[in-house]
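A quick write-up on the structure given underneath.
Counting starts at 1 for both ligands and their atoms, in listed order. Every value quoted in this text rests on a predicted model; they were computed, and no experiment measured them.
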Amino acid sequence: MRLQKSRPALLPAVDDLVALARPEEPMLCLRPEVLADTARAFRRAFPGETLYAVKCNPDAAVLRALWEGGVRHFDCASIGEVRQVRGLFPAAEIHFMHPIKARSAIREAYAEHGVRDFVLDSAEEFSKILAETGNAADLGIFVRLGLPKGSARYDLSGKFGATPEDAAALLAAARPHAVRLGLSFHVGSQCMEPESYTRALLAAGEVVRAAGVAVEIVDVGGGFPVAYPDMAPPALSAFMAAIARGYAQARLPAGTKLWAEPGRALVAGGASLIVQVQARRGDALFINDGIYGTLSDAGVPGFRFPVRPLRASAAPLVDYSFFGPTCDSADAMRGPFPLPADMAEGDWIEIGQLGAYGACLGSGFNGFAAPRIEAVRDRPLLETPGLTTRRIRAA
Ligand SMILES: *Cc1c(COP(=O)(O)O)cnc(C)c1O
């Protein structure tokens with residue numbers, strides 16, 4: 001009998017799982033149905049091809065759920081990610097979108113994993129790509145355009161990207177070698193302002209005109225935001241409208257296709273973390289995961305994640321901070337995390353929106369291993385308008 005593994009009715013709820021397992025080590029609860037639905041929602045909304053940015057969460061179960069949701073294109077940034085995706089999906093389209101790659105990575109990706117699309121932001125990287133693919137005649141070349149600092153929670157403007165002048169020159173130089181040519185950018189992660197995409201597309205239009213060559217693709221990158229307790233992003237439709245406006249105003253060559261590389265938007269709602277309180281001191285809770293584990297974004301970046309106590313309590317809410325389990329005093333998360341005033345040692349807490357940049361950033365420092373992963377049927381603790389939406393299910 002072919003039972004769909006991800007059928008929600010067949011998966012446990014978080015509460016039942018915790019009641020049964022009483023986990024004293026952190027546990028990551030993955031929501032395969034939510035991941036697949038979110039991928040479907042993004043793909044429906046975006047007027048082009050959707051590439052999943054694998055670095056955001058490379059877990060095999062996550063990648064399988066996104067595949068279930070129709071994702072066939074993967075933005076990889078290392079040979080490890082390329083191998084992981086190719087190992088799972090022989091038919092996947094893999095795009096190597098890191099502007100600075102090891103020569104061996106270019107060679108292996110091209111020769112052994114069928115990768116044809118490579119990004120660059122310098123003439124030196126272009127030479128490396130040509131040399132390591134033996135001047136291949138079937139390359140897709142993408143020029144990464146740098147953008148000024150915008151309104152993203154995670155600014156990515158400092159590290160990669162060519163100036164408009166250099167990007168135009170690189171496009172012109174790459175044209176004769178590329179069966180498909182593209183221009184890409186990244187507005188920064190958790191970008192709260194739809195107009196950032198409009199502005200970036202206008203800049204891309206200028207670069208393409210200055211290059212004086214045709215391009216087949218403009219890749220708007222990632223950055224699409226999700227909801228956190230202190231961040232209510234505009235609906236996904238507002239970002240799509242801003243992209244449509246930018247595309248129209250940029251006067252790109254007729255037929256130029258759009259690609260996007262969402263990471264966080266596809267997977268943040270797809271997992272939450274179950275932690276146990278090991279001690280309480282005032283309004284600080286010592287929990288069994290922290291900034292060297294699944295919660296690095298709750299440390300210095302100061303992300304607030306939604307929390308839920310896993311037992312009933314009528315006590316009023318109090319703003320708590322968390323300490324992680326390692327001996328480092330930097331292993332602290334200021335929150336605030338509102339939980340009942342009677343929280344005590346032994347209580348379990350669900351921490352949501354941790355499908356993105358969570359478990360994959362864990363380090364194993366101080367002997368604390370990565371959490372075990374269980375699939376659950378629950379909705380995310382926070383819904384993001386247009387991405388995760390409550391569905392009415394038949395009983
Ligand atoms: C990290 C990254 C992404 C994904 O970014 P999100 O903000 O998670 O959507 C996409 N493209 C590139 C080039 C990246 O570096």
Checklist entry - Would you say Gly223 and ligand 1 have an N/O pair spaced under 3.5 Å apart? => result yes
Next on the checklist: If you measure every N or O of Gly263 against every N or O of ligand 1, does any of those distances drop under 3.5 Å?
Outcome noted: yes
Item to check | Residue Arg144 vicinity, atoms of ligand 1 by number, heavy atom under 4.0 Å | outcome: 13 (C)
Next on the checklist: Against ligand 1, does His98 come closer than 4.0 Å with any heavy atom?
Outcome noted: no
Checklist outcome for this item: Near Arg264 (heavy-atom distance under 4.0 Å), the atoms of ligand 1 are 6 (P), 8 (O), 9 (O)
Next on the checklist: Suppose I only count heavy atoms of Ser189 and a 4.0 Å limit; which atoms of ligand 1 are within that range?
Outcome noted: 6 (P), 7 (O), 8 (O)
Next on the checklist: Parallel, tilted or perpendicular, judged at 30° and 60°: which one describes the rings of His177 and Phe126?
Outcome noted: perpendicular
Checklist entry - Where does Glu261 meet ligand 1, judged by heavy-atom distances below 4.0 Å: at the side chain, the backbone, both, or neither? => result both
Next on the checklist: How about CD on Glu25, more than 12 heavy atoms from neighbouring residues, nucleotides or ligands closer than 6.0 Å, or not?
Outcome noted: no
Checklist entry - Taking Lys101 as the fixed residue, which of Glu124, Glu125, Glu108 is the one that meets the salt bridge (charged side-chain N to carboxylate O under 4.0 Å, His left out) rule? => result Glu125
Checklist outcome for this item: A student checking ligand 1 against Asp75 at a 4.0 Å heavy-atom cut-off should list atoms 10 (C), 11 (N), 12 (C)
Checklist entry - For Lys55, is at least one N or O under 3.5 Å away from an N or O on ligand 1? => result yes
Checklist entry - Would you say Tyr357 contacts ligand 1, with heavy atoms under 4.0 Å as the rule? => result yes
Checklist entry - Looking at Ala53, which atoms of ligand 1 are within less than 4.0 Å of one of its heavy atoms? => result 3 (C), 4 (C), 10 (C)
Checklist entry - In terms of the angle between their ring planes, are Phe303 and Tyr228 parallel, tilted or perpendicular, with boundaries placed at 30° and 60°? => result perpendicular
Item to check | Arg43 side-chain N/O to Gly69 backbone N/O, donor-acceptor pair under 3.5 Å | outcome: yes
Item to check | Heavy-atom side-chain contact between Leu201 and Thr198 under 4.5 Å | outcome: no
Item to check | Derivation and outcome, ring pair (Phe, Tyr, Trp, His ring centres under 6.0 Å), residues Phe160 and His186 | outcome: CA-CA 9 Å; Phe160 300 124; His186 198 301; over 10 Å; no
Checklist entry - Checking salt bridge (Lys or Arg N to Asp or Glu O under 4.0 Å) for the pair Arg308/Asp15: CA distance, chi angles, key distance, verdict? => result CA-CA 11 Å; Arg308 176 176 81 96; Asp15 293 83; 3.0 Å; yes
